[in-house]
Amino acid sequence: MANYFNTLSLREKLNQLGVCDFMDSAEFLDGVNALKGKKLVIVGCGAQGLNQGLNLRDSGLDVSYTLRKEAIEGKRDSWKNATENNFKVGTYEELIPTADVVINLTPDKQHTAVVNAIMPLMKEGATLSYSHGFNIVEEGTQIRKDLTVIMVAPKCPGSEVRAEYVRGFGVPTLIAVHPENDPQGKGLAQAKAYCVGTGGHKAGVLKSSFVAEVKSDLMGEQTILCGLLQTGSILSFDKMVEKGIDKGYASKLVQYGVEVITEALKQGGITAMMDRLSNPAKIKAFEISEELKDIMRPLFQKHQDDIMSGEFSRIMMEDWANGDKNLLAWRAETGETAFEKTPAGDVKIGEQEYFDNYTLMVAFVRAGVELAFETMVQAGIKPESAYYESLHETPLIANTIARKKLFEMNRVISDTAEYGCYLFDQACKPLLADFMKKVDTDLVGKNFNEGKDGAVDNKTLIAVNHAIRNHEVEIIGAELRKAMTAMKTIKTA
Amino acid sequence: MKKPVVHITNFNLKFKDKSVLKDLCWTINSGENWLLSGESGNGKTSLAKAIANLIPSYGTIELNLNPLNNLVDGVHYVANWYQFKDLEGQANFYYQQRYHKQAATTTNSVSSELKHFGQQNSLEQDTLNPIVEALGFKSLLSATLIELSSGEHKKLQLIKALWLKPKLLILDLPYNGLDAASRKNLNLLLDQLVEDGAQLILISNEAEMPSSINRFARIEDGKLVASAAMQYVNNLTKIEKPLPAFFQEKQWSSTKSHLVKMIDVNVSYGNKKVLKNINWEVKAGEKWALQGPNGSGKSTLLSLICADHPQAFANNFYLFGNLRGSGESIWEIKERIGLISPELHWYFDPTATVWQSIVSGFYDSSGLFCDPGYTKRVQADELIHFFGLDDYKNTLMNQLPLGKQRLALLGRTIIKNPELLILDEPCQGLDQQQTFHFNKLIDELSKNGTTLIYVGHFESQLPDCIEKRIVLENGEVQVIENISNKNYVTRSEQSLCI
């Protein structure tokens, strides 16, 4: 199968990359009607599968689950999830032929196998729904021409999809219709109805395309989201230990710091995150993040280029075929880092202390978010899409690091994210070696403001604030966040 | 002379600009066990937390706990609220999550939670069992924390405190959500603790208390006023303010059509049956009391009616005339119901303001996600005034004492003047006067033809309009009967408790 994106003309590439429409709530007035009375069959019952299914059923839709025979016979977790919540469960042969909409919520890596198994069973004119476009775009899977292919991707973990729905809200969601598979022109109406069914329409819906979703999603996850947070965490920890900071303290600061710092990011963008620092610390963080951006820019560009050309997915699929040789080796390496092996100390770190003593991470986050956003936009991805895949998701990964540290964080994210994360981390560490030599404990481990009088130059501060606040990610972010202000804060620390 | 055990001088507490406690002084001598009562929001909880050194104190608090007895040194405070975390240290749980089954366990089991607590405090396992038995907790040991109801979480906290045996034990509204038998046994266990040398401070407005309580106090005008006995508010004043006029705009006709009809309804988790063959009809306009001991299935029954329980889809059960699972959305059901329950309160958005919380009742959401428009704004303001919450209108819920939060949520419950009111222990955390007022308000509202299902562990706290009751035990219907108003009055005077 050929990479779908690479089969397109440049005009069509740009056309599909540019699909980006932040939808008005008035577009959802038809509610779930387009799916009312239709048979929805979800493939897979993990966190996304179960929680989306609970929401869809509670919205009055007819939901059942289909699982592989082995999962049913072995009474695996997915079978338990579905049956214990009183859903009908059946094999592919039993349920797929009856389905009006088949919702594929299995892990990315299984998509080719799953789609090959279900496609022949699907009835004429039915709809196939994805939550990630990798299979269509990168693997180039061809779907039967009579079938409609849509994507509905809630931009949150499954448990939150449910929690927000139950409280009468929803999570931001991305939807798309595959232009090659919309024979009846019903794709968009069904995707919108699906969105209403999961509550997503209340928190902001972005109409995108399979192509834009894949190319931006891959870029975000491997650079700022997982890659840079991993690199920054490991380098910060090692620096503190090198400089004699207590290991337990260092471990706790790194594990929870990124979550506390990015909570401010989530609520008020880079501006709010930087504003949590004192004026001198803000100026310092600005300066080193500018330096970091210069150092890392070529690496971010390489990642984006490889994603666009299909090179990234080619080598990753090679590794899949090779029994995940690289992935498993890198995973093991992550498990062996000193940070991973040092438990968080039993010390209390106040919320503000996470900012004051971890200025370096604030700089990493600003540099990474802005770079990822800029690089995506330069490559033809629209700012709204770029925002979701950079700034918006950073606090979610940070929360996972707070809960699980790096090794487990990598295991819960998708296989593509994990592979890309290691790829980035391997290349980024040597790139930052010289920079890290200059870093001392005032930036990581100790309070930056200690022994300083807090004085700053007016002009410098004004220029720095101006640069932070007028970055495009801040302008578009303020707009998009308006739609989701009501979302609950996630917190561990 | 012996030094007092607790000596508080010039304790001050402010809420915003208002002084709540002013130069309060309190001396607790050896052998004294205090009951602290009084209206909600007057600083009792803050005072208790300060004694337990959980919040900074603005005044002097001197502790001289008896060094001679061999109880655990220090003060242990059992909060009127509870908190638990999952295995990853997070507390991001959501409303009714406990009814959704996930194969992977995310929270500790009760038994390992207790084991951990015992190890932390070097407690002996065999002293735990009698406490667990007395509070009827044995069957819950294998449950996970997420599966517990709010009343069961409350009990777990009490079990820990009783097992710990601290020198000074402070209990803040310990009877909330506890059935009569558990309350009685709790009091016996507390008396036992006192015999072993502990001292008690009990914050409560209930008539029931351990017999070892020998000192009584109220907080009045920011000061502690000691009295010889529990002071009951004898002259509960009638509500003078009229109910906002918009409540009269909608009248529900008593067509005697059924709003709820359950036919052999069953709910079970694995082998554990929580509801067994329930047959129950609630007709339009009827006023029901739902009763039964802790763990009898009341909350589960109500969760089916409120469209919060997934097993509704596996049962033969009609809501508002429609078979459940025939294409209706839960929001269409919730629209017709006004609900308050301990769990709704516990999971409610703590960062919403009082005003937002009340308005969210129009939309059945936890927190407000849209602009309500002019009419609803005005109605909300009227109701806020009616509840006396004007000063707190823009205050975040998590900054308010429990009683005030509860008042705001009661406003949320009734604001849309719903067809069906489900009040599950609505008056938890309220004082006697507030409870009296609220029940009068329900009597008034029910004249609109509203259908009512009311759960209250204290039968003395039911509104007068109740005319029928259903009693559950072990998940089965024990009794369905009419209760005449006259009978009801005599019973409430005896304070017969279920």
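Letters go in sequence order (proteins before strands), and every chain restarts at 1. In what follows, every heavy atom counts, from backbone to side chain, and hydrogens, waters and symmetry copies are set aside.
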Quiz prompt | Within-4.5 Å side-chain heavy-atom neighbours: A/Lys202 and B/Cys370 | solution = no

Quiz item: Got a sec: does the CD of A/Glu27 have more than 12 other heavy atoms crowding it under 6.0 Å?
Solution: yes

Quiz item: Considering all heavy atoms of both residues, which atom of A/Phe169 and which atom of B/Phe369 are nearest to each other, and what is their separation?
Solution: CD1-CG, 3.4 Å

Quiz item: Out of B/Ser360, B/Ala352, B/Ser365, B/Pro310, which one racks up the most heavy-atom pairs below 4.5 Å with chain A?
Solution: B/Pro310

Quiz prompt | Interchain contact, A/Ser159 with chain B, by part (heavy-atom threshold 4.5 Å) | solution = backbone

Quiz item: How about B/Lys276: does its NZ atom have over 12 heavy atoms from other parts shown lying under 6.0 Å from it?
Solution: yes

Quiz item: Under 6.0 Å from the NZ atom of B/Lys334, do we count more than 12 heavy atoms belonging to anything else shown?
Solution: yes

Quiz prompt | Heavy-atom contact with chain A under 4.5 Å, split by part of B/Tyr95 | solution = both

Quiz item: NZ of B/Lys115: more than 12 outside heavy atoms within 6.0 angstrom?
Solution: no

Quiz item: About how many Å separate OG of B/Ser329 and CZ of A/Arg57, when rounded to the nearest 0.5 Å?
Solution: 13.5 Å

Quiz item: Side chain, backbone, both or neither: which part of B/Tyr99 has a non-hydrogen atom closer than 4.5 Å to chain A?
Solution: backbone

Quiz item: Is it the side chain or the backbone of B/Glu328 that comes within 4.5 Å of chain A heavy atoms, both, or neither?
Solution: backbone

Self-check item: Neighbour count above 12 (heavy atom, 6.0 Å) for A/Lys88 NZ
Solution: no

Quiz item: Atom CZ of B/Phe313 and atom CG of A/Asp58: how far apart are they, to the nearest 0.5 Å?
Solution: 5.0 Å

Quiz item: What part of A/Leu50 lies closer than 4.5 angstrom to a heavy atom of chain B: side chain, backbone, both or neither?
Solution: side chain

